[in-house]
Amino acid sequence: MLNKKRLRKFIGPGLLLSCCCAFGHQVNTPTYSAEKMTFATVAGPYSIRYQVSPGFPKPNETTHIELRLDRPDKQPPPTKNLSFTIYQRGWLGIGKPEVVGRLTYQADGSYRQAIVFTQPGDFFVRGATDYGLPDLPLRVGSGKPWQPVTTVLAYLLLLLGGITLYQKIAKGSQSL
Amino acid sequence: MILFHPGLPEWLAIVIGLFMLQTVIWQMFEKAPRQTNGAGLSLARVPLVAGVVRYLTGHTWPLMWLKVIFATLFLLIIWAGLSGTPVVERNLATTVTWNLWWTGIIIGIVFSGSAWCAVCPWNTIADWLVNHGLWRRNASLCRLQLKVPVVLRNVWPASLLFIGFTWLELGVGIVASPYATAMMALLMLVLATTVAALFEGKAFCRYMCPVGRTVGAYSQLAPVALRPIDEEICRNCKSLACYHGTEKVAPCPSKLVIGRLQENTYCTSCGNCTLSCPSQNIAWQLRSPAREAIVEARGHLDEAFFMLTILAITALHGLTMLDQWQPLVAAIAKFINDDANQLASFTIGLVACWLLPVCLFALVSGLTALSLRNNGGGFKKVFSGFAFVSLPLAFAYHLAHNLNHFVRESSDWASIMANPFGRDGYSLTMVEKHMRHVNIMIPEDVLVGLQAGLMLAGFIIAVIVIRHRGFRLFAAERLQLLPMLLFAVAVTGFNLWMLVQPMNMRI
């Protein structure tokens with residue numbers, strides 16, 4: 001049985017761990033041009049070059065995604081235990097992401113995929129590797145600005161409306 | 001490829017170091033100071049500006065317009081972040097938030113004290129939403145007016161939020177994402193509104209807001225503050241309208257009586273007191289800088305931890321922008337077998353950087369308490385009484401560091417305001433970045449001189465704080481204060497070392 005004291009011991013590290021799982025440490029910034037978006041980072045012994053073209057993909061247009069892993073010691077690129085999946089971000093970035101495609105391994109050692117996104121939104125490429133990888137960004141169209149705004153507005157409406165209603169009921173019962 | 005800002009010349013750091021050494025030796029032989037100069041000058045009594053100051057503090061509309069402008073800009077930032085370009089340097093959300101606001105807010109404290117809090121859009125919009133009015137006092141049913149639970153009536157929540165905010169900024173890297181920046185802004189708005197709807201006064205500003213508490217702490221060093229024009233009028237005041245408010249004007253949200261105010265920490269410069277005072281006796285005052293930290297402010301344990309948190313987090317900001325930081329995180333990642341996200345490693349680095357100055361200060365407090373055990377100096381009293389020394393040290397480095405960002409990374413504001421969403425904008429090329437890097441706002445020598453001057457001023461004020469507080473609180477002087485002086489030397493030395501290193505360009 002967990003008593004209050006023991007529970008408190010778990011809450012701190014638990015929160016910290018869950019936060020670390022929900023987010024990724026941004027170690028670099030993507031570079032955008034009309035033709036392509038590039039993002040370079042390092043994972044374990046690999047330097048990774050991630051490229052999306054066009055630079056600002058739009059829905060119903062073919063988007064080319066390419067990922068290349070190199071080892072500075074000129075060892076051959078890894079082929080085993082590696083897969084790269086394209087996800088659509090979940091609700092407000094904290095919901096469960098949905099799989100929309102995978103990158104395919106090519107003979108030249110890179111991973112590539114041409115894909116047509118049917119709707120705008122925030123996507124990302126996540127690699128399953130021995131070393132892990134930062135999530136690689138991929139925005140199609142102009143994202144979903146209304147999603148967070150409507151969520152916040154709905155919350156505020158509920159909060160302020162709820163309090164007003166509660167106060168009116170409390171006032172009414174006092175005057176009776 | 002990453003561009004680096006050049007650091008301070010090494011010889012300048014050595015000169016400052018020698019000066020610090022000389023100051024410590026001088027302090028060993030110098031008697032403790034017996035008196036402090038406490039006279040302030042009310043701007044409402046300065047010829048030429050008196051009329052303007054009285055008009056601005058006596059009317060609602062100037063502040064109201066500023067609030068409307070900042071709230072509109074804030075909403076525009078949210079919308080630009082959510083729907084604008086993901087290119088960091090082209091989006092209004094990231095450029096204004098991280099290049100202008102985050103750096104400018106600290107520089108602004110020097111000139112306007114806690115005035116930022118008066119126009120802060122988080123609080124303004126929350127106030128408008130829950131009060132159903134722009135400024136007049138009213139009995140809105142949207143506020144539950146609950147008392148803040150005793151356990152939360154301190155600045156621990158602000159300390160935790162400050163660390164969390166830094167974790168999001170530097171760890172998750174919301175600085176590099178307009179979308180995440182906008183989400184952060186929305187989150188703060190939700191927090192401010194929720195707390196305003198549930199609790200009485202400005203509980204969010206007073207206990208939770210990391211920015212407000214930082215501004216509040218630093219404004220104890222500011223040379224400007226809202227104060228009575230004539231203290232005698234306040235002494236004889238029977239109405240205490242500043243505390244209770246009037247029929248139209250709300251009471252002081254921080255529950256302060258301006259006539260007895262000695263610490264600026266919780267004053268949000270909201271202007272309620274200037275409007276409600278029946279004698280129109282409250283206005284902006286020029287005063288001796290750092291006077292509060294030197295003599296007037298009383299030590300509290302939660303505030304002491306918050307001040308040390310500012311010191312630690314400020315240093316962490318600098319550290320993460322040095323070339324040495326990433327290998328350090330990578331080494332932690334290798335040690336704990338972290339994945340390439342390295343967030344757990346960064347978190348460990350953050351916690352270590354927070355704990356290190358706190359533990360160091362606890363150690364010097366322990367040593368000082370030991371030498372002052374016959375002067376009534378227990379550990380807790382020494383810890384909270386001397387924690388003010390961290391304020392000038394943190395503020396000086398914060399200003400010097402932010403000055404670098406401010407003058408070297410200034411965006412092309414005309415084009416950003418013309419295209420706040422950054423439509424069809426691409427990342428800056430290396431040539432453009434280099435040009436921005438070269439064309440700094442002020443000459444390089446002036447910048448270096450200012451940074452060196454700030455570090456010196458921070459150290460000198462820290463020594464004054466130690467000497468005055470040491471004598472006033474514990475009748476301590478000379479050798480008894482050596483551990484605290486060495487703490488100031490160590491912190492300034494480390495901050496100087498960071499300023500000497502080349503620094504990463506933020507955006």
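Computed from a prediction, not measured in an experiment: that's the story for all the values here. Naming convention: chains lettered A, B, ... in sequence-line order (proteins, then strands); numbering from 1 in each chain.
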Heavy atoms of other groups near N60(A) CG, more than 12 under 6.0 Å: yes
Any idea which heavy atoms bring R139(A) and G81(B) closest together, and the distance? NH2-O, 4.2 Å
Going through the distances and angles, do Y155(A) and T194(B) end up as a side-chain hydrogen bond (donor to acceptor under 3.5 Å, both in side chains)? CA-CA 10 Å; Y155(A) 166 78; T194(B) 306; 2.7 Å; yes
Starting at CG of L159(A), measure out to CG of L198(B) and round the result to the nearest 0.5 Å. 6.0 Å
Where does R143(B) contact chain A at under 4.5 Å (heavy atoms): side chain, backbone, both or neither? backbone
Would you mind reporting whether T85(B) and F56(A) have side-chain heavy atoms less than 4.5 Å apart? yes
Separation of L144(B) CG from Y166(A) OH (nearest 0.5 Å): 6.5 Å
Residue part contacting chain A, namely of S345(B), when any heavy atom lies under 4.5 Å: neither
Could you check if a side-chain atom of W79(B) sits within less than 4.5 angstrom of a side-chain atom of V149(A), using non-hydrogen atoms only? yes
Residues, nucleotides or ligands: over 12 heavy atoms within 6.0 Å of Q106(A) CD: yes
Would you say that P148(A) contacts Y179(B) through its side chain, given a criterion of any heavy-atom pair below 4.5 Å between the two side chains? yes
Between CD on residue Q167(A) and CD on residue Q145(B), distance to nearest 0.5 Å: 8.0 Å
Rounded to the nearest 0.5 Å, how far does CD of E35(A) lie from OH of Y426(B)? 7.0 Å
At a heavy-atom separation under 4.5 Å, does L129(B) approach chain A through its side chain, its backbone, both, or neither? both
CG (L160(A)) and CG (L141(B)) are apart, to the nearest 0.5 Å, by 11.5 Å
Between S427(B) (side chain) and Y32(A) (backbone), is there a donor-acceptor pair under 3.5 Å? yes
Among A34(A), G161(A), G162(A), single out the residue with the greatest number of heavy-atom pairs under 4.5 Å to chain B. A34(A)
For R68(A), is the CZ atom crowded, meaning more than 12 foreign heavy atoms sit under 6.0 Å from it? yes
For the CZ atom on R102(A), are there more than 12 heavy atoms of other groups (residues, nucleotides or ligands in this structure) within a distance under 6.0 Å? no
